[in-house]
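For reference, the structure discussed in these notes is given below.
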Number of protein chains: 2
Amino acid sequence: MKPATRDRVLIAMEQLGYSPNLAARALRHGRYGTIGLLAHRFDRTGEAATTDAVLRAAAENDLTVTILTVPSTDADGWTPAAKRLQHQATDGLIVIRNELESVKRLTFPAGFPVVVSDHRMEGVLPCVVADEIAATRAAVDYLMDLGHRTVHHVAGPQDSEPARRREIGWRARLRERGAIAYEPLPGDWTAESGFRAGRTLAANPEVTAVFCANDEMAFGVLHALHDMGRRVPGDVSVIGFDGIPLGVHSYPPLTTLKQDFRTIGAELVRLLVDQINNENADHAPHVIVPIELVVRKSTAPPPPAS
Amino acid sequence: MKPATRDRVLIAMEQLGYSPNLAARALRHGRYGTIGLLAHRFDRTGEAATTDAVLRAAAENDLTVTILTVPSTDADGWTPAAKRLQHQATDGLIVIRNELESVKRLTFPAGFPVVVSDHRMEGVLPCVVADEIAATRAAVDYLMDLGHRTVHHVAGPQDSEPARRREIGWRARLRERGAIAYEPLPGDWTAESGFRAGRTLAANPEVTAVFCANDEMAFGVLHALHDMGRRVPGDVSVIGFDGIPLGVHSYPPLTTLKQDFRTIGAELVRLLVDQINNENADHAPHVIVPIELVVRKSTAPPPPAS
DNA sequence: TTGAAAGCGCTAACAC
DNA sequence: GTGTTAGCGCTTTCAA
């Protein structure tokens, strides 16, 4: 076909407002050019950052992303959602943020491409995870090397696997170094829960270092510490987790364990595309993305008195 | 058909891993059961919160949401993206966060359902917008009633319509009340840009009140103010915009203009569904969502010396 | 009540 | 190179 003819057709398409019918194309092709993204909420750090990264990576692969939120954390919420999504027009599914044991309950049709960001699926499903154990070790080491005798912990919700791993890594490292691991304070990822935990911590003069399972809770802890007249980092050091942008401008700027969400998103998409194309030699590949300790101003050696 | 038979079929479907082919159904039906969401990025406050709300509302309407990010703010980025999305398998499109005049350039096939969150499309396309003018008036009134002689402004990017409206509202109200509107400091929504503006403001002893076009920049301003030894709210009052959750736990907790993202998302979906069903009597309905002034601890009367 | 057939819009294969 | 046709999997209509 002559280029000129081609152009004329394109122009005619434009004028008539014609565009190919995607449903028909998908029907013929057996592919939708769309991947599903299953998560809990999209207005929180981890989900939002990962979603953004997945969207970018998908765009580079000429894939559209269809999103399905899951109403509640409770186990029953997941399976119907997964069902619905797998019955949607998608070529595969990315599951992020897995609370509880819901993931184990997810059953997919044999051969339906799925990628998960959950440690518990190692070897079962392809997964991409952050190296949370190494990160918490680094945090504990950093604080103890500064001279702190132990590190207190504000934990995430108990039904969250990432929260569990952060707690496990923290406890294990303290034990290895012969420090006492005091019972962690319960949190639920929100700054509000961090604030409550912070009030308890602020009232305890023994506390010189606090490791929070995410940055939002660290914000709450900082707030409580200020409210109760304890100085950061003079009296108490605080370290967060995730590396949210606002952490650069908290008061004081927050030392944190920064996740590489861009890489996580890119790897999730890569693994899924491999599966869709049947290009994965490995049955259940497992990518570990490192986490970086970013030292800012909320951490310092403990006060001399202590 | 007997209920028992029905159950047996359902069980067989389950066992065989059968699920209806959505592409075929969509082809037959002429509907996809999917709406498109067009935006810029999803890891920032406004986008993320609105996205989350749209997702919830869509779920309630048994609609799936397909997302397309737009690589850059620049005008050229939008039209191809919109094209791609309108060529996607969607029954309609929600466009959020419209930078520049890109929206005007968006042309859709006649009758393609679209909802926009942009003031400039009033009367042209159905739109849902926040009442930013009223909000900025409230902010200026609140600060001046506290005794401040004027209010400085850290603006958002000039190519953003919301940023422009916030600036216009602020300037107009100051004029109405006979106060001087000093040249606003430029920002780009990031805390980093707020930090830079904050350093300039902190160096000017005349400054007693600062209105920031979003909360993230307010965080940066607070940081700069602290760094340079100015007290908040003792020396300088700071007010933000959006009402992000972390604003409750900044230091000090941030007075802000809180947007009702949930309502915005719900209305966007409602208007779109109306269009898809041809139920809109009004050609280009226009919903205005109010913004609430939330007073926390970053604002107070000016210091007596001033 | 049950079954058969046509057709949605596209593309790949095949015949001209 | 150009034109025609069959069929993807579903739903709806019409016939038995």
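Just so we're on the same page: letters track the sequence lines, and every chain starts at 1.
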task = Check every atom of D:dG9, C:dG9, C:dT11 against the side chain of A:N21 and return the nucleotide holding the closest atom.
result = C:dG9
request  = Please state how far atom OH in B:Y32 lies from atom C1' in D:dG9, giving the value in whole angstrom units.
outcome  = 15 Å
remark   = Here the distance between atom P of C:dC10 and atom NE2 of A:H29, to the nearest Å, is 14 Å
query = In whole angstroms, how far is the C1' atom of D:dT12 from the CZ atom of B:R31?
reply = 17 Å
query = B:L27 has an atom CG; how far is it from atom P of D:dG9, in whole Å?
reply = 12 Å
Nearest heavy-atom neighbours spanning B:F42 and B:E47 = CA-CB, 4.2 Å
query = Is the closest side-chain donor-acceptor distance between B:T66 and A:T64 under 3.5 Å?
reply = no
message = Assess, by modelled atom type and distance only, whether the side chains of A:D242 and A:T45 contain a donor and an acceptor separated by less than 3.5 Å.
response = no
request  = Give one of base, sugar-phosphate or nothing for B:R28, where a contact means two heavy atoms less than 4.0 Å apart.
outcome  = base
